[in-house]
Amino acid sequence: MPANRFNNFTDYGVGIGLRVPHYEHIFSKKPVVDWFEIISENYMIDDGRPLRLLDQILDQYRVVQHGVSMYFGSAQELNPDHLRRIKELTRRTKTPWLSDHLCWGSVDGRYTHDLLPLPYTFEAVRTTAERIRQVQDTLEIPVAVENVSSYAEYHESEMTEWEFLNEVIHAADCGILLDVNNIYVSSQNHSFDPAVYVDAVPAERVAQIHIAGHSKFEKYILDTHDHPVLDPVWALYARAIDRIGPTATLLEWDDNIPSFDEVHNEALKANKYLKAAADKIAAAANQPEEVLA
Ligand SMILES: [Fe+2]
């Protein structure tokens with residue numbers, strides 16, 4: 001397992017999300033898969049069938065934890081019980097990093113279960129980074145924050161989304177889960193160039209990349225995770241990998257889930273771009289050194 005050339009995150013290869021409809025196939029056929037991403041919240045229980053099945057997966061596969069309810073950007077304090085349960089699960093899975101979203105979604109103890117975009121302000125940078133640091137310190141593993149897709153913007157914003165991401169990860173000293181589908185969806189909804197976003201992301205901070213399918217409507221694009229990856233998203237992925245180098249890549253498919261093989265084969269298309277990036281790095285390493293006059 002090579003470390004990424006540009007950072008300290010191990011390149012796990014190409015994975016898919018662990019989903020219940022695929023359990024039977026996985027346990028009976030034991031397919032070769034580089035790694036699975038699990039949704040932490042599905043396994044934050046004291047005991048029971050989900051944990052027993054997870055243990056069987058852990059016996060054979062590498063697993064990385066992804067969360068959907070940390071709400072780093074919410075104004076309220078982090079829930080200590082939630083953190084304790086997450087930490088217990090990280091010890092069980094031995095996840096190399098933990099990802100969750102750069103968003104807010106809770107107010108005064110009430111949870112929206114939505115991944116809401118933040119205002120891109122310096123105040124939000126400060127409070128969000130503080131919470132990410134708190135989570136990293138508690139869990140004692142790196143945190144990678146994921147850019148969300150968005151459908152609304154704030155008048156209060158003082159910078160672009162990619163500038164905000166940069167400010168937060170440097171203030172928090174954390175990693176990035178770069179979702180190129182989310183970048184594409186937001187770029188279409190808010191009329192910015194997605195290539196500019198990808199080019200602005202610090203390569204040394206990217207732990208993982210998400211790819212996914214989305215749905216296009218007349219006036220907006222929705223991040224539905226129910227389709228194969230569309231060509232503009234593959235193009236953005238290729239651009240990201242070319243800059244960042246081979247990086248752990250994960251296909252998200254959460255609705256209208258097809259067979260295991262269909263999902264896995266879609267994910268494995270990423271290998272074409274990963275190989276091209278690895279070849280480019282190898283070719284650069286074989287170049288004769290420049291002779292100085
Ligand atoms: Fe994602």
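Read the numbers this way: they start at 1 and go in the same order the structure lists the ligands and their atoms. Remember, it's a predicted structure, so these values are computed and weren't measured experimentally.
Using cut-offs of 30° and 60° on the angle between ring planes, the pair Y237 and W234 is perpendicular. Ring geometry, F9 versus W97: the interplanar angle exceeds 60°, so the pair is classed perpendicular (tilted spans 30 to 60°).
Ion pair E140/R91 flagged as a salt bridge, since at least one NZ, NE, NH1 or NH2 atom sits closer than 4.0 Å to an Asp/Glu carboxylate oxygen. Taking a cutoff of 4.0 Å between a charged side-chain nitrogen and a carboxylate oxygen, K280 and D242 qualify as a salt bridge. Taking the charged nitrogens against the carboxylate oxygens, R205 and D173 do have a contact shorter than 4.0 Å, which makes a salt bridge.
For Q134 (side chain) and L78 (main-chain N/O), no donor-acceptor pair under 3.5 Å exists by modelled atom type.
For the Fe ion (ligand 1), the nearby protein N/O/S atoms, meaning those under 2.8 Å, are E146 OE2, D179 OD2, H210 ND1, E252 OE1.
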